[in-house]
Amino acid sequence: MSSKSNQPNGGPDEALISYQQLRMFIGLLGLCLSLMLFLTTFLLNDQSPFKVSISHYYYSFGHIIFVGTLCIMGGLFGTYKGKRKYENLVSNLCGILAVLVAVFPTKYEGYGGSIYICLENYKGWFSYVHYASAGLLFAFFSVYCFAFFPKTDDKPETPEEILKKKRRDIYYRICGWGIILSILCIGIIAVLDISQDTVSSSIFLTYSTLIFETTSLFFFSTSWLLKSSSTWKIKVPFFR
């Protein structure tokens with residue numbers, strides 16, 4: 001007797017693959033965002049390819065990539081329903097927050113390099129919406145690592161499957177804490193009363209927000225890629 005998974009018109013396996021591919025696309029976008037922004041500004045001869053934060057690329061030659069990637073991710077999160085309680089709600093919220101981060105840019109203050117777009121009617125409250133949306137977005141990213149990704153549809157039975165799940169769960173927790181610590185570092189440095197002369201004389205302090213946003217995106221994206229890897233043809237070392 002043939003099963004539904006072998007039917008040419010699709011079935012559970014086909015739906016599963018599409019579901020895993022959706023996770024993979026979300027992970028790839030997060031992983032490539034910082035690199036794409038830097039390469040775009042670098043190749044277009046921006047005076048300063050590195051910005052003080054990822055959000056400041058809104059004003060650069062990478063404007064379309066920044067806004068476009070966040071809007072695409074917003075759409076993917078809206079499509080991603082999840083299989084756990086509240087996962088659908090969290091994914092919808094992530095989709096809305098990603099779009100808000102793109103629509104309401106950060107302040108122009110601190111921007112350096114060539115200017116692609118300049119807002120004449122920038123409102124002060126834009127920055128509050130931007131920071132709040134970005135902070136909540138990364139917070140929800142950690143929720144996936146702690147609450148949703150460690151859970152599986154099928155209980156592992158063989159010793160190999162049990163070991164693989166333990167290793168994956170450890171990495172999900174590492175990613176969750178990595179996201180949280182990255183955002184905390186951004187906040188701590190922001191509230192510290194550091195003089196402008198000290199900041200300008202330190203490369204790390206100047207680009208600290210960019211650095212920790214990139215590490216946060218790395219943990220976010222690799223957790224999604226690992227969660228999607230069960231249908232990959234190549235094996236993931238240590239995890240498969």
Side-chain angles (χ1 to χ4, degrees), residues 29-67 69-70 73 97-98 100-143 145 173-223:
L29 285 174
L31 184 64
C32 297
L33 179 57
S34 296
L35 179 60
M36 290 190 299
L37 291 172
F38 170 74
L39 286 178
T40 300
T41 52
F42 176 77
L43 294 175
L44 293 178
N45 298 319
D46 192 311
Q47 296 175 1
S48 178
F50 288 108
K51 309 302 178 186
V52 294
S53 73
I54 291 177
S55 297
H56 278 82
Y57 281 96
Y58 178 94
Y59 301 100
S60 72
F61 295 136
H63 169 84
I64 295 176
I65 292 178
F66 175 77
V67 175
T69 300
L70 285 173
M73 289 184 67
L97 291 170
L100 289 177
V101 172
V103 173
F104 297 96
T106 186
K107 293 180 180 179
Y108 179 79
E109 180 182 356
Y111 181 84
S114 304
I115 302 173
Y116 174 78
I117 188 172
C118 183
L119 299 180
E120 296 182 357
N121 298 318
Y122 185 88
K123 306 297 181 181
W125 56 269
F126 284 7
S127 61
Y128 295 107
V129 177
H130 180 86
Y131 296 140
S133 299
L136 287 173
L137 183 61
F138 279 110
F140 283 134
F141 286 165
S142 66
V143 171
C145 298
R173 293 188 182 93
I174 291 174
C175 289
W177 284 114
I179 294 171
I180 292 176
L181 291 176
S182 296
I183 301 307
L184 285 177
C185 287
I186 294 175
I188 291 172
I189 294 175
V191 299
L192 289 177
D193 188 16
I194 304 176
S195 65
Q196 189 61 38
D197 292 337
T198 303
V199 173
S200 59
S201 63
S202 171
I203 296 178
F204 173 76
L205 290 177
T206 301
Y207 299 104
S208 61
T209 300
L210 175 65
I211 292 170
F212 289 118
E213 283 178 338
T214 301
T215 58
S216 185
L217 281 175
F218 172 80
F219 289 120
F220 152 72
S221 58
T222 54
S223 65

Worksheet entry | Side chain proximity check, His130 to Val101, heavy atoms < 4.5 angstrom | yes
Could you check whether atom OH of Tyr128 has more than 12 heavy atoms from other residues, nucleotides or ligands sitting under 6.0 Å from it? no
The reported gap from CG in Leu70 to CG in Leu97 (rounded to nearest 0.5 angstrom) is 11.0 Å
Residue set satisfying side chain to side chain donor-acceptor pair (under 3.5 Å) with Ser221, at least two apart, ordered chain then number -> none
- Message: Are the side chains of Ile64 and Tyr116 in contact, using a 4.5 Å heavy-atom criterion?
- Response: yes
Item to complete: Mind telling me whether Phe66 and Tyr58 have parallel, tilted or perpendicular rings, with 30° and 60° as the class edges?
Response: perpendicular
Taken to the nearest 0.5 Å, the spacing of Asn45 CG from Ser114 OG works out to 8.0 Å
Practice prompt. Could you check if a side-chain atom of Ser55 sits within less than 4.5 angstrom of a side-chain atom of Glu213, using non-hydrogen atoms only?
Written response: yes
- Query: Would you call Tyr57 and Thr40 a side-chain contact if the rule is heavy atoms closer than 4.5 Å?
  - Reply: no
Between Leu31 and Phe218, the two heavy atoms sitting closest are CD1-CD1, 4.1 Å
**Message:** Could you check whether Trp125 and Phe104 have their ring centres less than 6.0 Å apart?
**Reply:** yes
Taking every heavy atom of Phe204 against every heavy atom of Ile211, the minimum-distance pair comes out as CD1-CD1, 3.9 Å
OH of Tyr108 to SG of Cys118, rounded to nearest 0.5 Å, is 6.5 Å
CZ of Phe140 to CD1 of Ile179, rounded to nearest 0.5 Å, is 13.0 Å
Exercise. Is there side-chain contact between Val52 and Tyr111, with at least one heavy-atom pair below 4.5 Å?
Worked result: no
Checking Leu39, Leu43, Leu44, Thr41 against Pro49 for side-chain contact (heavy atoms from CB on, under 4.5 Å), the one that qualifies is Thr41
**Prompt:** What is the ring orientation for Phe50 with Tyr207, classed by angle as parallel under 30°, tilted 30 to 60°, or perpendicular over 60°?
**Reply:** perpendicular
Nearest heavy-atom contact between Lys51 and Gly113 is NZ-CA, 3.8 Å
**OP:** May I ask you to decide if Thr198's main-chain N or O and Ser202's side chain share a donor-acceptor pair within less than 3.5 Å?
**Re:** no
d(Ile65 CD1, Phe38 CZ) to nearest 0.5 Å is 12.5 Å
Scanning both residues in full, the closest heavy-atom pair of Ser48 with Asp46 reads N-OD1, 2.8 Å
- prompt: Does Leu192 CG have over 12 foreign heavy atoms under 6.0 Å away?
  reply: yes
Check: Do the non-hydrogen side-chain atoms of His56 and Leu210 ever get within less than 4.5 Å of each other?
Finding: no
Give the ring-plane orientation class for Phe126 versus Tyr122, where under 30° counts as parallel, over 60° as perpendicular and anything between as tilted.
perpendicular
Interatomic distance, CZ@Phe138 vs CD1@Ile180, rounded to 0.5 Å, equals 12.5 Å
Practice prompt. Let me see the working for Phe212 and Ile183 under side-chain contact (heavy atoms from CB on, under 4.5 Å), right down to the final yes or no.
Written response: CA-CA 7 Å; Phe212 289 118; Ile183 301 307; over 6 Å; no
### Ile54 and Leu217, any side-chain heavy atoms less than 4.5 Å apart
yes
